[in-house]
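We use all heavy atoms of the structure for the numbers below, so side chains are in, but hydrogens, waters and symmetry mates are not. We name chains A, B, ... by the order of the sequence lines, and we start the count at 1 in each one.
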There are 2 protein chains.
Amino acid sequence: MLQVSRKFEYGLHAVTYLATKGQGRVVTVKEMADDIGFSQEFLSKAMQSLKRAGIASSVQGVKGGYTLGRATTEITVADIALAIEGKPHLVRCGVKAESCEVFSSCHHRGYMGTLQHKIQDLLEDTTIYSLLQQIVP
Amino acid sequence: MLQVSRKFEYGLHAVTYLATKGQGRVVTVKEMADDIGFSQEFLSKAMQSLKRAGIASSVQGVKGGYTLGRATTEITVADIALAIEGKPHLVRCGVKAESCEVFSSCHHRGYMGTLQHKIQDLLEDTTIYSLLQQIVP
DNA sequence: CAGAGCAGGACTGAATTTGTCCTGCTTAAT
DNA sequence: ATTAAGCAGGACAAATTCAGTCCTGCTCTG
Ligand code: FES
Ligand code: FES
């Protein structure tokens, strides 16, 4: 259906939220969830993915929580998508060739590949920094 | 997961298939399905969607089948996507606002909107004609 | 050492996708 | 007129994916 996953939306919200809080500030999942209006458990999953990708970094124990792992100019929307949804596969043969019954006779595999690339480029062109700039106050 | 639906793949295959057969030629679903290697029943669904959108036109009765509804230069990938998957909704609030719990506090709705537009533009930029040109013989 | 909070696996329910089936309608050919 | 090929489309079933919950363990502060 060419729709972004909910987990990705959670992640993007979380990152912009952290960004507005400033780099140093450690924020707990509960605080974020309450503040934004998400399910705490599920947001936690998204944060874990972001952490593994280095986009967020975590502090454990009491007084723990999450911060951004790097500057907002160094985080693109593509990074978040990759962290949360994994490598994109616009078509099935992207994940494994056998999933396309007609692999050998396929005429548009090449096009779909470049299309995916172009979409990827769109996502890479937007950093969190520039995303925040776009907000009208 | 930002992946195109199988039905769309079926439809795209079908359109390029019809295109290579020439405008006048009426092709039956069975022929297409056998030839390409798809499930006849399911391909039939895709064809019905294409028909409703005017991309394909059908001939009923014995000796019936499908033809392209208009010239290959007048069919874009976006048309096929629209016919088969309906209007695209990259984010949920695109379909209805209530599906976003945080509609009022959302920072990236604007961006997602323009992103969707850009993707749409990519799809509109490719006609079936130009797609067929790209095939290396 | 108690408790706040992250890490992550397992699991469940919901939603969507994918595919099949069946019935009816249209028309060419006999 | 009858038959059969083929489209139209609704209903349904299976499979897959997504969304969300639960539970257990680990880490650190006070
Ligand atoms: S082989 Fe995958 S789209 Fe054709
Ligand atoms: S309101 Fe829909 S993405 Fe924010």
Worksheet item: Looking at A:R6, does any N or O in its side chain come under 4.0 Å of the phosphate oxygens OP1/OP2 on C:dT16?
Response: no

Item to complete: Respond yes when some side-chain nitrogen or oxygen of A:Y10 is under 4.0 Å from OP1 or OP2 of D:dA19, and no when none is.
Response: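 No.
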
Worksheet item: Sequence neighbours excluded, which residues qualify as side chain to side chain contact (heavy atoms under 4.5 Å, CB included) partners of B:A33?
Response: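 Once residues adjacent in sequence are excluded, the partners of B:A33 under the side chain to side chain contact (heavy atoms under 4.5 Å, CB included) criterion are B:Q40, B:L43.
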
How close or far is atom [atom2] of [N] from atom [atom1] of [X], stated in whole angstroms?
X	N	atom1	atom2	result
B:E85	C:dT17	CD	P	8 Å
A:E9	D:dA19	CD	P	9 Å
A:F42	C:dC6	CZ	C1'	17 Å
A:F38	D:dT21	CZ	C1'	17 Å
A:R92	D:dT16	CZ	C1'	10 Å
A:L43	D:dG20	CG	C1'	12 Å
A:H89	C:dT17	NE2	P	18 Å
A:D34	C:dG5	CG	C1'	14 Å

Practice prompt. Let me have a per-nucleotide readout for nucleotides 4-11 of chain D, 5' to 3', with B, S or -, counting only protein heavy atoms under 4.0 Å.
Written response: BBSSBBB-

Practice prompt. Classify the angle between the aromatic ring planes of A:F38 and A:Y10 as parallel (below 30°), tilted (30 to 60°) or perpendicular (above 60°).
Written response: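 A:F38 and A:Y10: parallel rings.
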
Discussion item. Once ring pair (Phe, Tyr, Trp, His ring centres under 6.0 Å) is applied, do any residues pair with A:Y129, and if so which ones, sequence neighbours excluded?
Written reply: none

Practice prompt. Could you pull out all residues at least two apart from A:T28 that satisfy side-chain hydrogen bond (donor to acceptor under 3.5 Å, both in side chains)?
Written response: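 So A:T28 forms no side-chain hydrogen bond (donor to acceptor under 3.5 Å, both in side chains) with any residue.
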
Worksheet entry | Inter- and intrachain pairs under salt bridge (Lys or Arg N to Asp or Glu O under 4.0 Å), touching residues 44-63 of chain B, at least two apart |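 Pairs touching residues 44-63 of chain B that pass the test: none.
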
Fill in: Where at least one partner belongs to residues 64-84 of chain B, residue pairs that pass salt bridge (Lys or Arg N to Asp or Glu O under 4.0 Å), sequence neighbours excluded
B:R70-B:D79

